[in-house]
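Let me begin by presenting the structure, written as structure tokens, before commenting on it.
A note on names: the letters A, B, ... follow the listed sequences, proteins ahead of strands, and every chain is numbered from 1. All values below were derived from every heavy atom in this structure, side-chain atoms included, with hydrogens, water molecules and symmetry-related copies excluded.
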Amino acid sequence: MRHSLTSSFADSQLALRTTRANLRGERAGGEFVLYWMQGTHRLEENWALRCATREADRLGLPLLIHQGLDPTYEHANDRIHSFILHNARELSRRADKTGLRYQFALRRRRDDDRRTVDRLATRAALVVTDAVPTAGIAERTMRLAGRVDCRVVTVESHAIVPAALFEKEEWAARTLRPKIMAHLEHALEPVSDRPPKAEMTESLWRSLEVDRLDLEGDLAAEVARCDIDHSVPPAPMVSGRTAAMARLKAFCARTLPDYDTRRNEPADADGSSRMSAYLHFGQVSAAQVARAAIAAVGRPAADKFLDELVTWRELSLNFCLRNARFRQLRALPPWVHQTMEKHAGDRREVVYSLAQLEAAQTHHPLWNAAQRELLATGIIHNVMRMYWGKSVLTWSATYGDALRHLIHLNDKWALDGRDPSSYGGIQWCFGKFDRPWGERPVWGTMRSMSLDRAYKKFDAAGYERRWRGEELTL
DNA sequence: ATCGGCTCGCGCAA
DNA sequence: TGCGCGAAGCCGAT
């Protein structure tokens, strides 16, 4: 059964996901409700958009969806810029068809201090935006909330089960799993989406036309004109909802039935869902992915995939929401700190600089293959990601260097860089969510993993061949 | 090929 | 207070 947005189910979800970012009131005489789209780049199953739509209806105002892209975010580059811009083109076309007003502003130069959102906010009754703890979004939101003189609220759309239900930092997957799974079925019930009742007049739409980018233009040329790092080229993966849904459909039909075994084979190009980039930018909702998986193979069969998509993904969100130090060693549990202290002086077999790691110039061909996959595609296969991270842990002068280098490489090159799941995954390599294991040099009691042993477990040679160098095909 | 020990602490049962 | 248990490991004994 489908719920309308006025049902109590949607009401309670929305209430759980919504937080005020300042204590100001609605602006009297505001001309529209502004949804500032920061972290959830979709028009469906977007709780912030639902919130903004409902507020617009309550106030009898039209709704403006505004998305902006600045050159100032950390590692701003062609890969991330073009992934966002190509999705924006699709959003714009879809908005036109569904009666939504969507616009995109591209700030090309760092010295351009125009603040499009501020200007829009001075005419809005209130601002609704996405609640995301990473990628600088929470900080950007708080700065705006302090500057503008109207209400700013944030809405969380990342999780299937509202993150607000879990107030404290979870210890491990096993502590969150039973709680989150108890809510899953209910949380997956679909809610229908409708455009706001009040249409925006053409004159209002035209009067808001400041810095509005023509998304039908040459997007590559737009990216080239931006004051960003042009050394990170666009990834081959096609951005946008259409591509994401096609990939999801293929994955559900072809891979999901044998997911338990195929997921452990990094040489199998179609063995994993490859949804992480789409999920990171919110181009599709995790709930939709989960529903598709369950519809395809049913409940026990989909459980392994759901454990990753729901439990581990939302464990990472909980981590980044509840632990402000999610990018630092400080976030790790006491037993890790004790063992790091004890082994800080252990001799490292090799120490690589960030530049050597980035250039995939280590002594180990399998590690270099994973790094090349990252450089070429913006993705490292799930299984290889662990070996990639665990290896750097032992190849750095300090644990802090290792963590910084991994976060740098991932934030800069990965399409899901800056996602909570990325930080959760990297920190897992340092013992987060894990338990201690047998003590060894450098590793201490952190779980060790050996690249050399990988050849006995899966077709590491095949993976190595696949990412030998020149081949950049997916 | 399989098994246990390595080692910690949460969260539940009692 | 005790006890079971845990993303994917490693190593050595059998």
Q. Going by an N to O cut-off under 4.0 Å, is there a salt bridge joining A:Lys432 and A:Glu169?
A. yes

Q) Does A:Glu74 pair with A:Arg327 as a salt bridge, N-O distance under 4.0 Å? A) yes

Please confirm whether the shortest side-chain N or O distance from [X] to OP1 or OP2 of [N] is below 4.0 Å.
X        : N      : result
A:Arg447 : C:dG6  : no
A:Lys432 : C:dA7  : no
A:Lys390 : C:dA7  : no
A:Lys304 : C:dA8  : no
A:Arg435 : B:dC10 : no

Q: Can you tell me which stems DNA chain B forms, taking runs of 3 or more consecutive Watson-Crick or G-U pairs with both distances under 3.5 Å?
A: B:1-6 with C:9-14, B:8-13 with C:1-6

Q: With side chain to side chain contact (heavy atoms under 4.5 Å, CB included) as the test, would you mind laying out the steps for A:Leu406 and A:Asn410 before giving the verdict?
A: CA-CA 6 Å; A:Leu406 288 167; A:Asn410 199 69; over 6 Å; no

Q: Mark yes or no for whether A:Ser157, through its side chain, and A:Thr40, through its backbone, hold a donor-acceptor pair below 3.5 Å.
A: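 Answer holds: no.
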
(Q) Closer than 3.5 angstrom, by distance alone: can the side chain of A:Asn318 be matched with the main-chain N or O of A:Glu170 as a donor-acceptor pair? (A)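 Yes, the answer is positive, given that a donor and an acceptor are paired below the 3.5 Å cut-off.
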
Using the ring of [Y] (Phe, Tyr or Trp, six-membered ring only), decide whether [X] places NZ or CZ under 6.0 Å from its centre and within 45 degrees of its axis.
X        : Y        : value
A:Arg385 : A:Trp388 : no
A:Arg89  : A:Tyr102 : no
A:Lys390 : A:Trp367 : no
A:Arg435 : A:Trp437 : yes

Please report, rounded to the nearest Å, how far the [atom2] atom of [N] is from the [atom1] atom of [X].
X        : N      : atom1 : atom2 : result
A:Arg174 : C:dC3  : CZ    : P     : 17 Å
A:Ile426 : C:dA8  : CD1   : P     : 19 Å
A:Lys457 : C:dC11 : NZ    : C1'   : 12 Å
A:Lys456 : B:dT2  : NZ    : P     : 17 Å
A:Met384 : C:dA8  : CE    : C1'   : 13 Å
A:Glu170 : C:dC5  : CD    : P     : 20 Å
A:Arg453 : C:dC10 : CZ    : P     : 5 Å
A:Met386 : C:dA7  : CE    : P     : 13 Å

Sticking with atom [atom1], work out how far [N] lies from [M], rounded to a whole angstrom.
N      : M      : atom1 : result
C:dG9  : B:dG9  : P     : 23 Å
B:dC12 : C:dA7  : P     : 16 Å
B:dT7  : C:dG12 : P     : 15 Å

Within the structure shown, what part of the strands sits under 4.0 Å from [X] by heavy-atom distance: base, sugar-phosphate, or nothing?
X        : value
A:Arg177 : sugar-phosphate
A:Ala172 : nothing
A:Met449 : sugar-phosphate
A:Asp434 : nothing
A:Trp437 : base

Q: Would you mind reporting whether A:Leu415 and A:Met237 have side-chain heavy atoms less than 4.5 Å apart?
A: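 A:Met237 vs A:Leu415: side chains touch.
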
Q) Going by heavy atoms closer than 4.0 Å, what residues in residues 305-317 of chain A are next to DNA chain B? A) none

